[in-house]
2 protein chains.
Amino acid sequence: MAKVKLIDVARFAGVSKSTASQFLNGRFDYMSKETQERIRAAVAELDYVPNPIARNLKATKTKTIGVVVRDITGFYSSRVIRGVDDYCKAKGYNALIYNTDFDPETEAKSIEALYQLRVDGVIIASSGNNTQLISGYIEKGMPIVHFQIENDGSEQNIILSDYKKAAFDATEYLINLGHKRICFVTQDFNNVNSRIDRYQGYAEALSKHDIPLDDNLVQRWDRESGFQTAPIEIIKSYAPTAFFTQHLPITVELLRSLNRANISVPDDVSLLGFDEVPMAEFFKVPITVVKQEPYSIGIEASKLLLNNIAKETNISHKILIPCSLEIRESCKKL
Amino acid sequence: MAKVKLIDVARFAGVSKSTASQFLNGRFDYMSKETQERIRAAVAELDYVPNPIARNLKATKTKTIGVVVRDITGFYSSRVIRGVDDYCKAKGYNALIYNTDFDPETEAKSIEALYQLRVDGVIIASSGNNTQLISGYIEKGMPIVHFQIENDGSEQNIILSDYKKAAFDATEYLINLGHKRICFVTQDFNNVNSRIDRYQGYAEALSKHDIPLDDNLVQRWDRESGFQTAPIEIIKSYAPTAFFTQHLPITVELLRSLNRANISVPDDVSLLGFDEVPMAEFFKVPITVVKQEPYSIGIEASKLLLNNIAKETNISHKILIPCSLEIRESCKKL
DNA sequence: TTAATCAACTAAACCGGTTTAGTAAATTTA
DNA sequence: TAAATTTACTAAACCGGTTTAGTTGATTAA
């Protein structure tokens, strides 16, 4: 494609490669005005475009970072990526996206691929199954910033929503509406702080309002097998007046179940979801949710990463981004 | 980061750089078993990882392509990108995403950035305002594949939904439900074939069923100023029994208007949209839509691009991907 | 007047690989 | 038995830049 290179410019201007390079990097220390002008003219005449790859080879930098997400297609992930990308582009970096589809092995392969590609750093929403492996890369000197998922016991750079406060606020909102039997639906904690924190926010709100914590109202859902106990059974057996779902897919599946069983939201049961629901305004019942700020998370994550890259430090930072409660129509006042 | 290089491996194995390189590239032509074994051992011992950048420098290839979209966050774009990325990764390429936010200038800058980065090719949903410029890059030898938007008169590689057939089928579906006054809501054609084709599909369906084409029922919408005529006015003045919107934002805005004006879909007026609507199943009225296959479009676009890169040809190909009608509840039988 | 300094460059090494053109020893052919 | 060929490598050029260590002629200080 672009064939004219530095040596061509140098020859055209009648100077050496070194001088041409100095000029292009703005170091005019001891360079006569005429020489500068000749090189400028040569660049213009030959339509020269420096090759950033050759440049970075020498610098042993790629000006590229990696972003490892579950699926770029998701509402949350795509916005994080957009934030990362906007910040990176502004700082002269490019971002390479790797999708893991929730598979820890694909995740491991992605990190290795990025390592081999010599990216300057990585932003990752890790599954939590590769903690050891990731530590290894950090030791090898690859700066890594996490987001979305915080695993227990790992000191790391991470940007997170303030899950605990968000869950607390949401639960308190339901309590203030008169709810006492609030069913908390979560994925298995599995040492993931990001899940435990929400639970704690929930528990603390109950405690603050002297509502006993009923273990029957803490229900599990997982990606493969769905609800451990069917929502209809939960309602029959434990009579919750509200569901508080901790993840968009849980909200979606719960809503689907309730619709199928002809259980009306919010008349029969209230529903509050974690994570924004796209197109909520057009829903039969617009869902009240805890809204995260994925775009901001992306910005902050890349800010932190590029900072670490620049300073070659790796002191663990944890940054919390506040959430907000988006009140719509799925929670009834009792 | 990774510091061990080829020369280290070579020294460790007691061979020259060249021999080590030959080994790593699987050319064992005249290499003794013992030498092979020694290099293999050195690689393993030193944990050597080849530097793809240095490799590609010599090859004058980057094994990277660019993808220029409006906004990675969108339902359609994110899926196209996912398709592109899956195909590219499988073929050893990486994709760099550039967002234009519908701004032709940002688009131009993105292409130039990708050109300077020496990407091996570009996949783009162009605004249509940079046709000249893009031709320039093609002439410079940069392979380009378009998708989503086809501009009038430009011979180019392009992957598209079969817009005409899709619009024909959708219109005929409405006609078969008894609709005769179908309001076609579109962006200004502006020489964009992707829009004109839909209009032709619409017109041909009407014609086939002997329904006169009423210009009053062809309405404009644009991103900045919204509807040229407010939907309520359209209904009052021209009494359509159905709307057929040509773009997701139009569908969304129309629905919003109708809701605000308390006009019921489909009781007062039917609605059929182009483009899938996320979460449609939970809508007050699930919207019937023409569903495109963005993931397939991404796959096909990258297939075509990588093919052109490999063969260094650039014969214009146009590939149509069929759409399907996703029938839900927003169209009433009259 | 001569050594030291400075302005304005350039040669060559380097980044980390690939590839082409050789080379020396062993083997085959004439 | 000498020439031609084959085997198993290596030296050096190259990809397209950056950077370090010089070099040369002019100017300034001692």
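Letters A, B, ... mirror the listed sequences (proteins, then strands); counts begin at 1.
At whole-Å resolution of the value, CG in A:Asp29 and P in D:dT20 are 13 Å apart. At whole-Å resolution of the value, CE in B:Met31 and C1' in C:dT19 are 13 Å apart. When rounded to the nearest whole Å, the span between CZ of A:Phe23 and P of C:dA8 equals 15 Å. Atom CG in A:Asp120 sits roughly 18 Å away from atom P in C:dC15 (whole-Å rounding). Regarding A:Leu57, its CG atom lies at a distance of 12 Å from the P atom of C:dT18, rounded to whole Å. Distance, B:Asn51 CG to C:dC14 P: 18 Å, rounded to whole Å. In this structure, the CZ atom of B:Arg11 is 13 Å from the P atom of C:dG17, given to the nearest Å. Taking atom OH of B:Tyr30 as the reference point, atom P of C:dT27 lies 16 Å away to the nearest angstrom.
Distance from the side chain of B:Ser18 is smallest for D:dA12 among the nucleotides D:dG17, D:dT19, D:dA12. Listed nucleotides D:dG17, C:dA12, D:dA11 differ in distance to A:Tyr48; the shortest reach to its side chain belongs to D:dG17. Checked against C:dA11, D:dC9, D:dT18, the side chain of A:Arg55 finds its nearest nucleotide in D:dT18. You'll find that the side chain of B:Lys5 is closest to C:dG17, out of D:dT10, C:dG17, D:dG17. Closest to the side chain of A:Ser16, out of D:dA11, C:dG17, C:dT10, is C:dT10.
Closest non-hydrogen pair, A:Ala42 versus A:Ala13, comes out as CB-CB, 4.0 Å.
No hydrogens or angles were tested; on distance alone, nothing pairs the side chain of A:Ser32 with the base of C:dA7 as donor and acceptor under 3.5 Å. Remark: the A:Lys17 side chain and the D:dG17 base include a donor-acceptor N/O pair separated by less than 3.5 Å. Taking 3.5 Å as the limit, the base of C:dA8 and the side chain of A:Thr19 contain no donor-acceptor pair of atoms between them.
Contact check, B:Ser21 against C:dG17: no side-chain N or O comes under 4.0 Å of OP1 or OP2.
Between A:Phe23 and A:Phe28, the two ring planes are tilted [angle within 30° to 60°].
With a 6.0 Å radius and a threshold of 12 heavy atoms from other residues, nucleotides or ligands, A:Glu105 has its CD atom at or below the threshold.
Sequence order on DNA chain D of the closest nucleotides to B:Thr35 and B:Lys58 puts B:Thr35 first from the 5' end. Each of A:Lys33 and B:Ile7 has a nearest nucleotide on DNA chain C; the 5'-most of these lies closest to A:Lys33.
B:Asn25 comes within contact range of the sugar-phosphate backbone alone, with a heavy-atom separation under 4.0 Å but no base atom that close.
Once rounded to the nearest 0.5 Å, the distance linking OG of A:Ser316 with CD1 of A:Ile158 reads 10.0 Å.
Put simply, the residue from A:Asn307, A:Val67, A:Asn157 that forms a side chain to side chain contact (heavy atoms under 4.5 Å, CB included) with A:Val145 is A:Asn157.
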